[in-house]
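Input: a single structure, listed below in C-alpha cells.
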Amino acid sequence: MEIFRYVTEGSFDSYMWQTLETKARFIAQVMKGDQGIRSLEDVELAALSYAEVKALASGNPLVIEKAGVDAEVAKLSTLFSVWRNQRYANESEVGRLPMMIEALEKKVALYAQDAARIEPQTLQGIAMELAGRKIVGPDAVGEALRGLVRTAKEEVRTASRMIERIVGRFGGFDLGMLAARGDQTPSLYLAGHCLYNAEPYQTGPALVAALLGALESVGKHHADAEIQLETRRKRLEDLRLELARSFEHEGRLTNLLVRQRELLKQLDLDKDEAGSAKVDADEARQAA
C-alpha cells in the first residue's frame with residue numbers, strides 16, 4: 001500500500017503543514033531529553049488570526065512572505081533570548097572572577113613558600129621530631145606514629161571532645177594530629193602556611209607512607225593552584241571579549257521586525273490584533 005500526499009500551492013495547506021512541522025519539532029525536543037533546552041515552541045503559537053485566514057484564502061502573496069518572516073523572527077528571537085541570558089550569566093561571572101583570582105594569587109604565593117621550605121625525605125632515611133626527640137628510620141617512625149594515633153583515639157573516647165594539636169616536626173613542617181570522634185581514626189597533617197592532610201591509618205607502615213604522601217603533596221598543591229590560576233585568568237579574558245561582542249543576528253532581526261510591521265499594515269492585520277486585544281480586555285474586566 002502506498003500513501004500519496006498532495007499540497008495545493010497558495011492554499012491553506014501551507015499553514016496546516018507548518019502546524020504539523022511545529023508539532024513534530026515540539027515532540028522531538030521533548031523526546032530528545034536535552035537538559036540544556038529551557039523553552040519549547042508550542043503549536044498554539046502558530047495559530048492564525050481571523051484576518052490572516054481571510055488573507056490566506058484570498059491568495060495574497062504577502063501572506064506567504066509574512067509566514068516566512070514570522071518564522072525567522074521567532075527563530076532569531078529565541079536565539080536572542082539565549083544570547084541575552086548567557087550574557088547575564090557572563091556578566092555575573094566577570095564580577096566574581098577578579099576576587100577569586102586575587103584570592104588564588106595569594107594562595108599560590110603561600111604554596112610557593114611552603115614548597116621552598118621542604119626538607120626532602122625518603123622511606124629508608126625518614127626522620128621526624130616528636131616531643132623534642134628525633135626519631136629515625138621507617139620502623140621507629142611508624143611505631144611512634146601508631147602510638148600517637150592510639151593515644152589520641154583513647155583520649156577522644158574518654159574526654160568526648162575533639163583534639164587538634166601540634167605534636168612534632170617533619171620535613172620542614174609542623175606535624176599535627178586531629179581526632180574528632182572516638183569511632184574515627186585520628187589523622188595527621190603538615191602545617192606550614194597551608195595545611196596538608198595525610199590519609200588516616202592505624203598501622204605503622206601505612207602511617208609512614210601517608211606522611212610521605214602528605215609531604216609530596218605540597219608541590220602538587222602548588223602546581224595545581226598555578227594551573228587553576230592561569231585557567232581563571234584565561235576565562236576572565238575570554239568572557240570580557242565575549243561581552244564586547246553584540247548579538248550576531250541583531251541587524252537581521254531588526255530588519256525583519258520592521259518588515260513584519262509593514263506586512264501587518266499592508267494585510268490590515270494590525271487592526272485585527274487591536275480588536276482582539278480589546279475583546280480580551282473586555283473579557284478580563286467582565287471576569288473580574
Side-chain angles (χ1 to χ4, degrees), residues 96-235:
R96 298 191 307 268
L97 275 173
M99 293 183 293
M100 298 170 66
I101 290 174
E102 182 181 359
L104 196 52
E105 287 173 340
K106 294 178 180 178
K107 197 165 189 179
V108 167
L110 294 177
Y111 280 141
Q113 293 179 44
D114 281 348
R117 69 191 291 178
I118 293 177
E119 297 173 3
Q121 296 279 343
T122 63
L123 179 60
Q124 296 304 318
I126 189 171
M128 73 173 184
E129 181 183 316
L130 191 64
R133 181 169 59 94
K134 188 174 183 179
I135 303 174
V136 181
D139 293 337
V141 170
E143 186 61 28
L145 293 176
R146 193 169 72 88
L148 280 175
V149 169
R150 187 172 57 249
T151 301
K153 192 170 184 179
E154 183 63 29
E155 185 178 346
V156 169
R157 183 182 292 111
T158 56
S160 297
R161 60 183 177 83
M162 185 181 76
I163 295 174
E164 183 175 7
R165 63 171 71 106
I166 300 298
V167 295
R169 296 275 301 174
F170 176 75
F173 294 83
D174 289 334
L175 175 61
M177 168 73 71
L178 174 64
R181 295 202 308 261
D183 58 343
Q184 290 184 345
T185 302
S187 59
L188 299 168
Y189 63 87
L190 300 178
H193 293 289
C194 302
L195 297 181
Y196 308 92
N197 296 314
E199 292 291 333
Y201 293 106
Q202 299 189 63
T203 63
L207 286 166
V208 169
L211 201 57
L212 289 171
L215 185 63
E216 186 179 348
S217 73
V218 176
K220 185 177 185 303
H221 278 85
H222 182 213
D224 289 347
E226 285 187 320
I227 292 173
Q228 187 179 17
L229 177 59
E230 184 60 30
T231 300
R232 287 183 176 173
R233 284 172 174 168
K234 182 65 167 57
R235 175 64 175 167

Search all heavy atoms of [X] against all heavy atoms of [Y] and return the closest pair with its distance.
X: A214; Y: L190; answer: C-CD1, 4.0 Å
X: L188; Y: M177; answer: CD2-CE, 3.3 Å
X: A210; Y: A198; answer: O-CB, 3.6 Å
X: I118; Y: P120; answer: O-CD, 3.5 Å
X: L130; Y: V167; answer: CD1-O, 3.2 Å

> Looking only at atom types and distance, does a side-chain atom of R117 sit under 3.5 Å from a main-chain N or O of G172, one as donor and one as acceptor?
Replying inline: yes

> Do side-chain atoms of Q121 reach the backbone of A127 as a donor and acceptor pair under 3.5 angstrom?
Replying inline: yes

>> A quick test of your reading: do over 12 heavy atoms of other residues, nucleotides or ligands sit less than 6.0 Å from CD of E226?
In response: yes

Are [X] and [Y] close enough that some pair of their side-chain heavy atoms sits under 4.5 Å apart?
X: F173; Y: V218; answer: yes
X: M162; Y: V156; answer: no
X: R146; Y: R150; answer: yes
X: L145; Y: F170; answer: no
X: L175; Y: Y189; answer: no
X: M100; Y: L104; answer: no
X: V208; Y: I126; answer: yes
X: R169; Y: K134; answer: no

Separation between [atom1] of [X] and [atom2] of [Y], rounded to the nearest 0.5 Å:
X: I163; Y: K153; atom1: CD1; atom2: NZ; result: 12.5 Å
X: H221; Y: L195; atom1: NE2; atom2: CG; result: 10.0 Å
X: L148; Y: R165; atom1: CG; atom2: CZ; result: 9.0 Å
X: R133; Y: M128; atom1: CZ; atom2: CE; result: 8.0 Å
X: H222; Y: S217; atom1: NE2; atom2: OG; result: 13.5 Å
X: D224; Y: Q228; atom1: CG; atom2: CD; result: 8.5 Å

>> What I want to check is whether the side chains of Y196 and D114 have a donor and an acceptor closer together than 3.5 Å.
In response: yes

